[in-house]
Number of protein chains: 2
Amino acid sequence: MSASPAPGASDRGARTRERLLVAAQELIWEQGVSATTPRQVWERSGTGQGSLYHHFPTKHALALAAVTRTVRQMLDGARASLAHDSEPEERVHDYLTRPRDAVAGCRVGRLTSDATVMADDELRAAVRGYFTQLLDLATVVFEEAGEPPEAARRRATTAVAVIQGGYVLSRALGDPAPMRDATEGLLQLLDIAD
Amino acid sequence: MSASPAPGASDRGARTRERLLVAAQELIWEQGVSATTPRQVWERSGTGQGSLYHHFPTKHALALAAVTRTVRQMLDGARASLAHDSEPEERVHDYLTRPRDAVAGCRVGRLTSDATVMADDELRAAVRGYFTQLLDLATVVFEEAGEPPEAARRRATTAVAVIQGGYVLSRALGDPAPMRDATEGLLQLLDIAD
DNA sequence: GTCTATAAGAGGATAGAC
DNA sequence: GTCTATCCTCTTATAGAC
């Protein structure tokens, strides 16, 4: 721990760092890590080059901080529907019908096609951790619905795959309809009333 | 039509063009269009810079030729399982259990996260065309299985989404198991014997 | 058809002033 | 903490010889 700087300066620094991080998260969602340049980040954040390289020594450090935070936020969102108190069937329904910007794609899933992400151990681990945890959350719900462990895991994987595939199709067609069709199709097969 | 050049030279040129195209297809599968450089293409193909820019005036022309061919090949593969003569249920089963390099990802689906592809009208149209046709093929199969048109389209979208999502999950986890789990989970829900 | 030389521009930093 | 100037490399070509 170093001595506290003047409060005003400290706050300004924290806010600058925060704005850089938010800008990086947005740009990485829109374009991926590979296609996002440090320049784009400092321009969108309204800060400057000096600030960016002060708070994040490399593009890698910035990307890792941004992706790590996005993963945490997405898992919090998933828990909000999958891990609350209602019946398992209702939780599955909530998760599958959650509002999503289908055409924009999954903030994390899209990174599996990003060369910079997959070539980097830490970034790849962040993406892997997201899906590992998400699949575990969903598996528990199907177990609580009465499925044996193996079947619960298969069914959870199918459900998460439908969401990820719905994103791919909606993005490819530039239309939110495929995500809706894919999730409604699964809900019918699961015999969960729409 | 221009006059035929000497046969030897013509063949060599055609073979060179072919090798460039194959190398581009491979590299685009592995890394996407954005991350694939002209240099990588001519090095992998065993040709040279002069040959590449002789056969393809720009990186865009090369990428479009490679992606267009990949889309055609993938649709031919899908038709092989979805559009043959057996019962609809068997065709669905064949499609869902077709051998796939799950960890490598879908040659076309992965392009939906590629900035260079999505920013270009022609490349985007090629990707869109692939999924439009694939969904149409699958919809017909579910209609032939007795589903009404709307339900058939939903179910087809769910099935294609499970494949695309299976790719995303297998890639994220570096493991072919999620693709297997996702497709087996869907087959059980569809009540098609494994 | 293929080769090599050259070049404009962007990306990802680093250095040192303020 | 932030700014500006500078630097090196890679990408995507173009030019002209062979």
Side-chain angles (χ1 to χ4, degrees), chain A residues 2-21 23-24 27-28 30-67 114-117 119-120 122-123, chain B residues 2-24 27-28 30-66 114-117 119-120 122-123:
Chain A
S2 56
S4 300
S10 173
D11 287 4
R12 182 155 10 87
R15 276 201 311 274
T16 298
R17 191 190 152 88
E18 171 67 16
R19 284 161 59 189
L20 286 163
L21 218 34
L27 285 161
I28 288 171
E30 294 166 16
Q31 315 180 335
V33 173
S34 303
T36 296
T37 68
R39 162 171 248 113
Q40 290 175 326
V41 175
W42 79 64
E43 283 179 350
R44 179 172 301 198
S45 70
T47 66
Q49 182 177 13
S51 302
L52 191 153
Y53 281 105
H54 172 74
H55 289 286
F56 303 97
T58 61
K59 176 180 170 177
H60 171 256
L62 174 62
L64 184 58
V67 169
D114 188 305
T116 301
V117 172
D120 179 272
E122 294 175 296
L123 286 169
Chain B
S2 56
S4 299
S10 172
D11 287 4
R12 182 157 7 90
R15 277 201 311 273
T16 299
R17 189 190 153 90
E18 173 67 16
R19 284 162 58 189
L20 285 163
L21 217 35
V22 168
L27 285 161
I28 288 172
E30 294 166 16
Q31 315 179 332
V33 174
S34 303
T36 296
T37 68
R39 161 169 248 114
Q40 290 175 326
V41 175
W42 78 63
E43 284 180 349
R44 179 171 301 198
S45 70
T47 65
Q49 183 176 14
S51 302
L52 190 154
Y53 282 105
H54 173 73
H55 290 286
F56 302 97
T58 60
K59 175 179 170 178
H60 171 257
L62 173 61
L64 184 58
D114 189 305
T116 301
V117 172
D120 179 272
E122 294 175 297
L123 286 169

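Below, read A as the first sequence line, B as the second, and so on, with proteins coming before strands; counting in each chain starts at 1. The analysis underlying the following values was restricted to heavy atoms, covering all of them including side chains, and did not include hydrogens, waters or symmetry mates.
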Working to the nearest 0.5 Å, report the span between [atom1] of [X] and [atom2] of [Y].
X       : Y       : atom1 : atom2 : answer
A:Thr36 : A:Arg44 : OG1   : CZ    : 8.5 Å
A:Leu20 : A:Phe56 : CG    : CZ    : 6.0 Å
A:Glu43 : A:Thr37 : CD    : OG1   : 7.5 Å

Do B:Ser34 side-chain atoms and B:Thr116 backbone N/O form a donor-acceptor pair below 3.5 Å? yes

Side-chain N or O of [X] less than 4.0 angstrom from OP1 or OP2 on [N]?
X       : N     : value
B:Ser51 : C:dG1 : no
B:His54 : C:dC3 : no
B:Thr16 : C:dT2 : yes

Is any side-chain heavy atom of A:Glu122 less than 4.5 Å from a side-chain heavy atom of A:His60?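 The answer is yes; the side chains approach within 4.5 Å.
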
Do the side chains of A:Arg17 and A:His54 get nearer than 4.5 Å, heavy atoms only? no

Taking [atom1] from [X] and [atom2] from [N], how many angstroms apart are they, rounded to a whole number?
X       : N      : atom1 : atom2 : value
A:Arg15 : D:dG1  : CZ    : P     : 12 Å
A:Arg17 : D:dT2  : CZ    : P     : 12 Å
A:Leu62 : C:dG12 : CG    : P     : 11 Å
B:Glu43 : D:dC10 : CD    : P     : 12 Å
A:Leu20 : D:dG1  : CG    : C1'   : 12 Å
A:Phe56 : D:dT2  : CZ    : P     : 12 Å

Nucleotide-resolved protein contact map, nucleotides 11-18 of chain D, B/S/- at heavy-atom distance under 4.0 Å: SSBB----

